[in-house]
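Worksheet: one structure, shown below.
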Amino acid sequence: MNIKSKHRIVKRAPYMLYLPFSDMRNFLNMLPEDKKQGVTADFDSISAVVQGFNVGVKVSERRPYSLISYKDNGAPFSFNVDICFDADGGNPDSTDFHIDIDADLNFMMKMMLGSKLQEAVDKMVDAVADMAEGKMPEGIDPSMFPEGFDKSAFRG
């Protein structure tokens, strides 16, 4: 199953978007304290126990400032996620941001998750673009950011 998110132009240079996504510890730091139990992360991977299953994700490729690929690492099904930071034509301070997923799902899982995954990646793209313009995305609680988290990189 292939899922391609919408594209959004983000008013930040590609390197500014790339760097936070390149370190898996940043994902752990974004979790609320009550969700961190059982979750571990290092620079290259993050893992957790979810409903009795060990689920892990690792970085499989880094192409500085243009692509980060994540791969399953102990998940119930195989998948790859590409986070794409394409240059926006001649504007060095703008990025064409999008997410592509390739997942090996059986028919039942495709029916259950297909539209939800599409909706999730589109919301993630919108959230990154909105944060770059200084807007807090819908459904994001500012208190979820760790103490001292520098949100200025996302302001317009």
Exercise. Any chance you could measure S94, atom OG, to D86, atom CG, to the nearest 0.5 Å?
Key: 11.0 Å
Quiz item: In chain order, what residues pass the salt bridge (Lys or Arg N to Asp or Glu O under 4.0 Å) check against D96, with sequence neighbours excluded?
Solution: none
Quiz prompt | Spacing of OH belonging to Y70 relative to CD1 belonging to I99, to within rounding of 0.5 Å | solution = 9.0 Å
Quiz item: Going from CG on L28 to NZ on K36, what distance comes out if it is rounded to the nearest 0.5 angstrom?
Solution: 5.5 Å
Quiz item: Looking only at heavy atoms, which two atoms of G114 and I3 are closest? And how far apart?
Solution: O-CD1, 4.1 Å
Quiz prompt | Approximate separation, where rounding is to 0.5 Å, of K110 NZ and S115 OG | solution = 14.0 Å
Exercise. Answer yes or no: is there a donor N or O on one side and an acceptor on the other, between the side chain of D72 and the main chain of F79, under 3.5 Å?
Key: yes
Exercise. Decide, yes or no, whether a salt bridge links K116 with E119 under the criterion of side-chain N to carboxylate O below 4.0 Å.
Key: no
Practice problem: Look only at the side chain of N106 and the backbone of M109, and say whether a donor-acceptor pair between them is shorter than 3.5 Å. | Solution: yes
Quiz item: Parallel, tilted or perpendicular: which describes the rings of H98 and H7, with under 30° parallel and over 60° perpendicular?
Solution: parallel
Quiz item: Quick one: which of I68, V10, L67, V128 gives a side-chain contact (heavy atoms from CB on, under 4.5 Å) with F85?
Solution: I68
Quiz item: For T95 and D88, which heavy atoms make the closest approach, and how far apart are they?
Solution: N-CB, 4.0 Å
Quiz prompt | Straight-line distance of L105 CG to M108 CE, nearest 0.5 Å | solution = 12.5 Å
Quiz item: With distance as the sole test, does Q118 use its side chain to make a donor-acceptor pair with the main-chain N or O of K4 at under 3.5 Å?
Solution: yes
Practice problem: Check the hydrophobic clustering (I, L, V, M, F, W, Y; side-chain heavy atoms under 4.5 Å; chains of links allowed) and say if F97 and I9 are grouped together. | Solution: no
Self-check item: Within 6.0 angstrom of K6 NZ, more than 12 heavy atoms from elsewhere
Solution: yes
Quiz item: Once you round to the nearest 0.5 Å, how far does CG of D104 lie from CZ of F77?
Solution: 9.5 Å
When the side chains of residues 56-63 are checked against the rest of the protein, which donor-acceptor pairs come out under 3.5 Å, sequence neighbours left out?
{"from": "S60", "atom 1": "OG", "to": "S69", "atom 2": "O", "distance (Å)": "3.3"}
{"from": "E61", "atom 1": "OE2", "to": "R63", "atom 2": "NE", "distance (Å)": "2.9"}
{"from": "E61", "atom 1": "OE2", "to": "R63", "atom 2": "NH2", "distance (Å)": "3.3"}
{"from": "R62", "atom 1": "NE", "to": "S22", "atom 2": "O", "distance (Å)": "3.2"}
{"from": "R62", "atom 1": "NH1", "to": "D44", "atom 2": "OD1", "distance (Å)": "2.8"}
{"from": "R62", "atom 1": "NH2", "to": "S22", "atom 2": "O", "distance (Å)": "2.8"}
{"from": "R62", "atom 1": "NH2", "to": "F43", "atom 2": "O", "distance (Å)": "3.2"}
{"from": "R62", "atom 1": "NH2", "to": "D44", "atom 2": "OD1", "distance (Å)": "2.9"}

Quiz item: Is there a donor-acceptor pair under 3.5 Å between the side chain of D93 and the backbone N or O of A13?
Solution: no
Exercise. Measure from the side-chain N and O atoms of D23 to the backbone N and O of R25, and report whether any donor-acceptor pair falls under 3.5 Å.
Key: yes
